Novice: 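Sharing a structure below in structure tokens format, with a few things to ask.
Values below: every heavy atom of this structure, side chains too, minus hydrogens, waters and symmetry copies. Being a predicted model, the structure only gives us computed values, none of them experimental.
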Amino acid sequence: MTYFTVLNLPTFTDPRGSLTVLQDSLPFEVVRTYWIYGADGQTRGGHRHIHTRQALVAISGKVSVYMNDGITNDTVDLDHPSKCLLVEPKDWHTMTFDAGAVLLVMSSHPYDRNEYIDTPYE
């Protein structure tokens, strides 16, 4: 169990495979979507935001996400495509990628470098 919000997305499985649904699951409208791959063994991120909320799903492999909201810190392992971590603006986060991992990121705001806070909590 973690202090941070991890959604278990609705997943339907039968002998043909699994289908995970994101529809109506996020508490914000997605305006930007991107994915990170080829980052085997790398740590990315290292920031928080002023306004942007994000939802992270490791659609393949495992990504360990370190989260710190200035009060609590924890590491959330995204290791199944039905797990979705919500990253609030206050959440300092880094993502460490296992070999072959692919991370899908959905954001509430378009990219704006001025929206990033690069200074971690003390």
Side-chain angles (χ1 to χ4, degrees):
M1 178 162 256
T2 181
Y3 169 84
F4 298 96
T5 303
V6 176
L7 305 175
N8 292 307
L9 300 173
T11 300
F12 305 93
T13 302
D14 67 24
R16 301 169 297 162
S18 297
L19 180 143
T20 298
V21 179
L22 189 61
Q23 180 178 332
D24 299 326
S25 294
L26 300 181
F28 58 86
E29 180 182 349
V30 175
V31 300
R32 179 174 183 239
T33 304
Y34 59 95
W35 45 98
I36 303 168
Y37 56 95
D40 301 0
Q42 299 297 311
T43 297
R44 296 183 53 120
H47 58 265
R48 51 193 163 108
H49 295 275
I50 296 171
H51 303 290
T52 299
R53 300 174 81 185
Q54 296 179 312
L56 281 55
V57 177
I59 57 175
S60 180
K62 180 174 119 180
V63 178
S64 297
V65 184
Y66 171 77
M67 302 274 287
N68 182 343
D69 68 359
I71 299 168
T72 301
N73 65 72
D74 195 5
T75 298
V76 178
D77 288 334
L78 297 176
D79 54 6
H80 194 277
S82 66
K83 289 172 72 172
C84 178
L85 174 64
L86 296 183
V87 179
E88 299 298 338
K90 67 184 179 336
D91 297 334
W92 172 269
H93 59 286
T94 61
M95 300 91 58
T96 303
F97 290 74
D98 278 9
V102 178
L103 182 68
L104 174 67
V105 182
M106 295 151 284
S107 296
S108 64
H109 290 74
Y111 175 78
D112 177 356
R113 185 63 184 111
N114 294 320
E115 227 268 322
Y116 284 57
I117 301 170
D118 295 320
T119 306
Y121 293 107
E122 293 184 17

Novice: Quick one: closest heavy-atom pair of Leu86 and Met67, and the distance?
Specialist: O-CE, 3.8 Å
Novice: For Tyr66 and Phe4: C-alpha separation, side-chain torsions, deciding distance, then whether ring pair (Phe, Tyr, Trp, His ring centres under 6.0 Å) applies.
Specialist: CA-CA 10 Å; Tyr66 171 77; Phe4 298 96; 8.7 Å; no
Novice: Per the side-chain hydrogen bond (donor to acceptor under 3.5 Å, both in side chains) rule, what does the pair list look like for residues 98-108, sequence neighbours excluded?
Specialist: Gln54-Ser107
Novice: Of the non-hydrogen atoms in Ala39 and Arg44, which two are nearest, and what is the gap between them?
Specialist: CB-CD, 4.1 Å
Novice: Under 4.5 Å between side-chain heavy atoms, hopping through other hydrophobics if needed: is there a path connecting Met106 to Val102?
Specialist: yes
Novice: Hey, are the side chains of Leu22 and Thr20 touching, using non-hydrogen atoms and a 4.5 Å cut-off?
Specialist: no
Novice: To the nearest 0.5 Å, what is the distance between CE on Met95 and CG on Leu78?
Specialist: 10.0 Å
Novice: Is Leu26 reachable from Ile59 through a run of I, L, V, M, F, W or Y residues, each pair having side-chain heavy atoms under 4.5 Å apart?
Specialist: yes
Novice: Start with the C-alpha distance between His47 and His49, add both sets of side-chain angles, then the distance that settles ring pair (Phe, Tyr, Trp, His ring centres under 6.0 Å), and finish with yes or no.
Specialist: CA-CA 7 Å; His47 58 265; His49 295 275; 5.0 Å; yes
Novice: Is a side-chain donor or acceptor of Thr11 paired with a backbone partner of Leu9 at a separation under 3.5 angstrom?
Specialist: yes
Novice: How close do Trp92 and Ile117 get, heavy atom to heavy atom, and via which atoms?
Specialist: CZ3-O, 3.8 Å
Novice: Could you report the tightest heavy-atom contact between Thr75 and Ser64, atom names first, then the distance?
Specialist: CG2-CB, 4.0 Å
Novice: Do side-chain atoms of Arg53 reach the backbone of Pro27 as a donor and acceptor pair under 3.5 angstrom?
Specialist: yes
Novice: Roughly how far, to the nearest 0.5 Å, is the CZ atom of Arg48 from the NE2 atom of His93?
Specialist: 11.5 Å
Novice: Check for me, please, whether Leu85 and Ile36 land in the same ILVMFWY cluster - side-chain distances under 4.5 Å, paths through other members count.
Specialist: yes
Novice: Considering only heavy atoms from C-beta outward, does the side chain of Asn8 approach that of Lys83 to under 4.5 Å?
Specialist: yes
Novice: Would you say CZ of Arg32 has more than 12 non-hydrogen atoms from neighbouring residues, nucleotides or ligands within 6.0 angstrom?
Specialist: yes
Novice: Rounded to the nearest 0.5 Å, what separation is found between the OG1 atom of Thr96 and the CG atom of Asp77?
Specialist: 9.5 Å
Novice: Roughly how far, to the nearest 0.5 Å, is the OG1 atom of Thr52 from the OH atom of Tyr116?
Specialist: 7.0 Å
Novice: Can you tell me how far apart OH (Tyr3) and OG1 (Thr72) are? Round to the nearest 0.5 Å.
Specialist: 4.5 Å
Novice: Is Phe97 linked to Tyr34 within one hydrophobic cluster, defined over Ile, Leu, Val, Met, Phe, Trp and Tyr using a side-chain heavy-atom separation of less than 4.5 Å?
Specialist: yes
Novice: Donor-acceptor check, side chain of Asp14 to backbone of Arg16, threshold 3.5 angstrom: yes or no?
Specialist: yes
Novice: Spell out, as yes or no, whether a donor-acceptor pair under 3.5 Å connects the side chain of Asp69 to the backbone of Asp91.
Specialist: no
Novice: Are Asn73 and Tyr121 linked by a side-chain donor-acceptor pair shorter than 3.5 Å?
Specialist: no
Novice: For Asn68 and Ile71, which heavy atoms make the closest approach, and how far apart are they?
Specialist: OD1-N, 4.1 Å
Novice: When clusters are formed by joining ILVMFWY residues with side-chain heavy atoms under 4.5 Å apart, either directly or through shared neighbours, do Val76 and Val63 land in the same one?
Specialist: yes
Novice: Mind listing the closest non-hydrogen atom pair of Gly100 and Ser60 along with its distance?
Specialist: O-OG, 3.9 Å
